[in-house]
Undergrad: 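One structure follows; several queries about it will come next.
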Amino acid sequence: MNLANNTVLITGGASGIGLALAQRFVQAGSQVIAVGRREDKLREAQAQLPGLHTRVCDVASATDRQELLRWVQAEFAQVNVLVNNAGIQNRLQLTTDNQDWDTLRQEIVINVEAPIHLAMLFIPHLQQQPNPVIINVTSGLSFAPAAFAPIYSATKAALHSFTLSLRHQLAATPIKVLEIVPPAVNTDLGGAGLHTFGVPVDAFADSIMERLANGEEEVGYGTSEEIRQASRQEIDARFQLINNR
Ligand SMILES: NC(=O)c1ccc[n+]([C@@H]2O[C@H](COP(=O)([O-])OP(=O)(O)OC[C@H]3O[C@@H](n4cnc5c(N)ncnc54)[C@H](OP(=O)(O)O)[C@@H]3O)[C@@H](O)[C@H]2O)c1
C-alpha cells in the first residue's frame, strides 16, 4: 500500500502498536485519527504526535461503532484506511477463574466482534474512496495459542480467519485487506510490565510498515513471521515451547 496521502482511522491508536503505526503514517504524509476509550491517553498521544486527530469511542459498543462511522462521514469523509488494532488480553485459568461472564466476554467483543462489525460498517464508505484499505492486527498467537491467555488466543485465531474471508470476498472490489501479525511486542498490553520481554515497538513498526509499503498482504516479525508460515509440526513444537516454560 501507499503510506502517503491517506486518511487513516486507527482503533487503539493512542498507545503501543497503534501509536507506532500512527507515527509512521503521519511521517509518510498521511492524516491519522486515533480512536480509544481514554481521553487522557488520546491527549497524551496528540502531544507526542502533533496533528493527530482523536475520537473517544468504545469499540465494545455496537452503538459507538455505528456512531463512529456517522462521525467519520460527517467530519472526515475522506477516511480511506481502517486499522482494526484495538485489543485487550486477559490471562486466566479456565478451571479456577470463575469471573463474571459479562467481564470475560469483553475480550471476544473487543478483539473479534468489533473488528468484524467495523469492517462491515465501513465497507460501503471505503468503496467510495481512492486506495481503500482495511488492516487487521492479529497475533502470532493466531497460529499457536498461549494457553495462559486462552480466550485471547482464540479471538486472534478468529480474526485471522475472518481476515482471509474478508480478503476473498473483497477481491473484486478496490478495497485491499492487509494483516499485521505481531509477535510479543513491548507494550502495555494486558497491563504495564507484562510484555517487557517483547521486541521493541519501533523496530517492529518500522519493519511492518516497510513491508506493507512494498505490497505484502500479511506481515509478521521475528517469531510471528516464522509461525505464520510454519508447518503443523512446527506449530506443535512452538505450542510446546510457549506453554511448557
Ligand atoms: N503487544 C503484543 O505483544 C501484541 C502481540 C500480538 C498482537 N498484539 C495486538 O496489537 C494490538 C495493539 O495492542 P498493544 O500491544 O499496542 O497494546 P496497548 O498499548 O494496550 O493498546 C491497545 C489499545 O486498544 C485500545 N482499546 C482497548 N479496548 C478498546 C475499546 N473497547 N475501545 C476502543 N479502544 C480500545 C486501548 O485504548 P483504551 O484503553 O484507551 O481504549 C489501547 O490504546 C492489539 O490488538 C493486540 O492484541 C499485541
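Ligands are counted one by one from 1 in listed order, and the atoms in each one are counted from 1 as well. As the structure is a computational prediction, the values presented were derived from the model and not from experiment.
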Undergrad: Check the side chains of T11 and N84 for a donor-acceptor pair under 3.5 angstrom, ignoring hydrogens and angles.
TA: no

Undergrad: Can you sort out the partners of I235 under side-chain contact (heavy atoms from CB on, under 4.5 Å), two or more places apart, ordered by chain and number?
TA: A144, I227, A230

Undergrad: Tabulate below the donor-acceptor pairs under 3.5 Å that side-chain atoms of residues 180-187 make, not counting sequence neighbours, or state none.
TA:
| unit_1 | atom_1 | unit_2 | atom_2 | d |
| --- | --- | --- | --- | --- |
| T187 | OG1 | L189 | N | 3.2 |

Undergrad: How about D100 and T103: does a side-chain donor come under 3.5 Å of a side-chain acceptor?
TA: yes

Undergrad: Please tabulate, one line per pair, the protein nitrogen or oxygen atoms found under 3.5 angstrom from a nitrogen or oxygen of ligand 1, with distances to 0.1 Å, or say none if there are no such pairs.
TA:
| unit_1 | atom_1 | unit_2 | atom_2 | d |
| --- | --- | --- | --- | --- |
| ligand 1 | 1 (N) | V185 | O | 3.2 |
| ligand 1 | 1 (N) | T187 | OG1 | 3.0 |
| ligand 1 | 3 (O) | V185 | N | 2.7 |
| ligand 1 | 3 (O) | V185 | O | 3.4 |
| ligand 1 | 15 (O) | T187 | OG1 | 2.6 |
| ligand 1 | 16 (O) | I17 | N | 2.8 |
| ligand 1 | 19 (O) | S15 | OG | 2.9 |
| ligand 1 | 21 (O) | S15 | OG | 3.3 |
| ligand 1 | 28 (N) | R37 | NH2 | 3.1 |
| ligand 1 | 31 (N) | D58 | OD1 | 2.7 |
| ligand 1 | 32 (N) | V59 | N | 2.9 |
| ligand 1 | 39 (O) | R37 | NH2 | 2.9 |
| ligand 1 | 39 (O) | R38 | NE | 3.1 |
| ligand 1 | 39 (O) | R38 | NH2 | 3.2 |
| ligand 1 | 40 (O) | R37 | N | 3.4 |
| ligand 1 | 40 (O) | R38 | N | 3.0 |
| ligand 1 | 40 (O) | R38 | NE | 2.8 |
| ligand 1 | 41 (O) | R37 | N | 2.8 |
| ligand 1 | 41 (O) | R37 | NE | 2.8 |
| ligand 1 | 43 (O) | S15 | OG | 2.8 |
| ligand 1 | 45 (O) | N85 | O | 2.7 |
| ligand 1 | 45 (O) | K156 | NZ | 2.9 |
| ligand 1 | 47 (O) | Y152 | OH | 2.6 |
| ligand 1 | 47 (O) | K156 | NZ | 3.1 |

Undergrad: Can you give the donor-acceptor pairs under 3.5 Å from side chains of residues 14-23 to other protein atoms, not counting sequence neighbours?
TA:
none

Undergrad: Ring centroids only, cut at 6.0 angstrom: are H160 and F162 within range, meaning strictly under it?
TA: no

